[in-house]
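Right, one structure below, let's go through it.
Residue numbers run from 1 in the order of the sequence given.
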Amino acid sequence: MRIVSLLPSATEILCSLGLEEAVVAVSHSCDYPTAAVTGLPRITATRVPHDGTSWEIDNVVRGCLENHESLYTVDLELLASLAPDLVVTQGLCEVCAVGERELLRVIRQLPRGPAVLSLEPRTLSGVFDSILRVGSATGRRAAADRLVGALRRRTATVADRSKRLVSRPRVVLLEWLDPPIACGHWNPELVELAGGIELLGRAGEPSRGVTWDDVGRAQPDVLCVASCGYPVARTRAELLGLVEKPALAGLTCVAQRRVYALDGVGLFSRPGPRVVESLELLADILDPGAAPAGSATVWAVPRP
């Protein structure tokens, strides 16, 4: 089987199921596992200016969506030459990756169209179901069952651990900074499973725009930012300035240095096997005293 993956989470799922050799091309944003994707053809490109500020990127994205313009292009000539049997895409978010509608428009131009598998997880259970669907579509259902079983056991371990918390911290988890966007889909669920109370995000629903005044009024004990388009270092750099905003400067989470920049690109915004790593990271943040040795590193923003 020859497979093209148009989103990072699908690439991770395919590689976790032992299908590295079957993947013949990936998207411009597929970056993990590094050894598996290095050297593979990149079949998509993006119009999003990754060197822009959060505000500039948001404006470009909103402008394209309002004008019904795709944020991505697919190399039709390359796709035709690769002659894949299966293309994996998504129908969840027009901003995250090439969507099913855009892909089908491209595929109709090919002399022999591949099968298309579109993943649309909105919850943690939906993420696990996506892994099972990929396994079924690729003849690796048994491997997918084993992987999901292991992920569910890790999830249960975190949930059991969080039940021992004396109090549940109030949490705001943001997916973007300028403008601020509250988390959605599976991420509010992760906060709850990790032992927190998500104040602005809505489980199973799309992320939504909020204001810094909304964040201030929510009075979170813990503020986490997992920017969906930035690496941790850049998110942290932006946070250093934002904690001085009047709406935030007086918050307990700022005074107690419980503001965290997290990996939104590789973890929280990526509905693949590492979503459980996101959960475990949140559990460490919300209950630092119980953090196991070797837990993922968290960058805490220092007090301004």
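Here Trp186 and Phe268 keep their ring centres 6.0 angstrom or further from each other.
Leu14 is listed as a side-chain neighbour of Ser5, based on a closest heavy-atom distance under 4.5 Å.
No side-chain donor from either of Ser125 and Thr123 sits under 3.5 Å from a side-chain acceptor of the other.
When all heavy atoms of Gly201 and Pro188 are compared, the closest pair comes out as C-CG, 3.7 Å.
With respect to the salt-bridge test (charged N to carboxylate O, under 4.0 angstrom), the residues Arg208 and Asp214 do not qualify.
Distance CG/Leu279 to CG/Leu124: 7.0 Å, rounded to 0.5 Å.
Looking at Arg2, its side chain never comes within 3.5 Å of a backbone N or O of Leu86 through a donor-acceptor pair. Formation of a donor-acceptor pair under 3.5 Å by the Arg258 side chain with backbone atoms of Ile285 is found in this model. Side chain of Glu198 to main chain of Leu200: a donor-acceptor pair is present (N/O by atom type, distance under 3.5 Å, no hydrogens or angles). Judged purely by atom type and a 3.5 angstrom limit, Arg236 has no side-chain atom pairing as donor or acceptor with the backbone of Tyr260. Distance alone, capped at 3.5 Å, is enough to place a donor-acceptor pair between the Glu175 side chain and the Gly184 backbone. For Arg170 (side chain) and Gly196 (main-chain N/O), no donor-acceptor pair under 3.5 Å exists by modelled atom type. Arg168 places a side-chain N or O within donor-acceptor distance of the main-chain N or O of Glu192, the cut-off being under 3.5 Å. Here the side chain of Arg122 pairs no donor or acceptor atom with the backbone of Gly204 at under 3.5 angstrom.
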Check your understanding: Between Val148 and Asp129, does a side-chain contact (heavy atoms from CB on, under 4.5 Å) hold up when you go through it step by step?
Key -> CA-CA 8 Å; Val148 169; Asp129 287 343; over 6 Å; no

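Hydrophobic clustering (ILVMFWY, side-chain heavy atoms < 4.5 Å, transitive): Leu117 and Leu132 are in one cluster. Under a hydrophobic-cluster definition in which Ile, Leu, Val, Met, Phe, Trp and Tyr are linked whenever side-chain heavy atoms come within less than 4.5 Å, directly or via other members, Tyr32 and Val26 are assigned to different clusters.
For the salt bridge (charged side-chain N to carboxylate O under 4.0 Å, His left out) condition, the pairs that include at least one residue of residues 11-40, sequence neighbours left out, are Glu12-Arg270, Glu12-Arg274, Asp31-Arg270.
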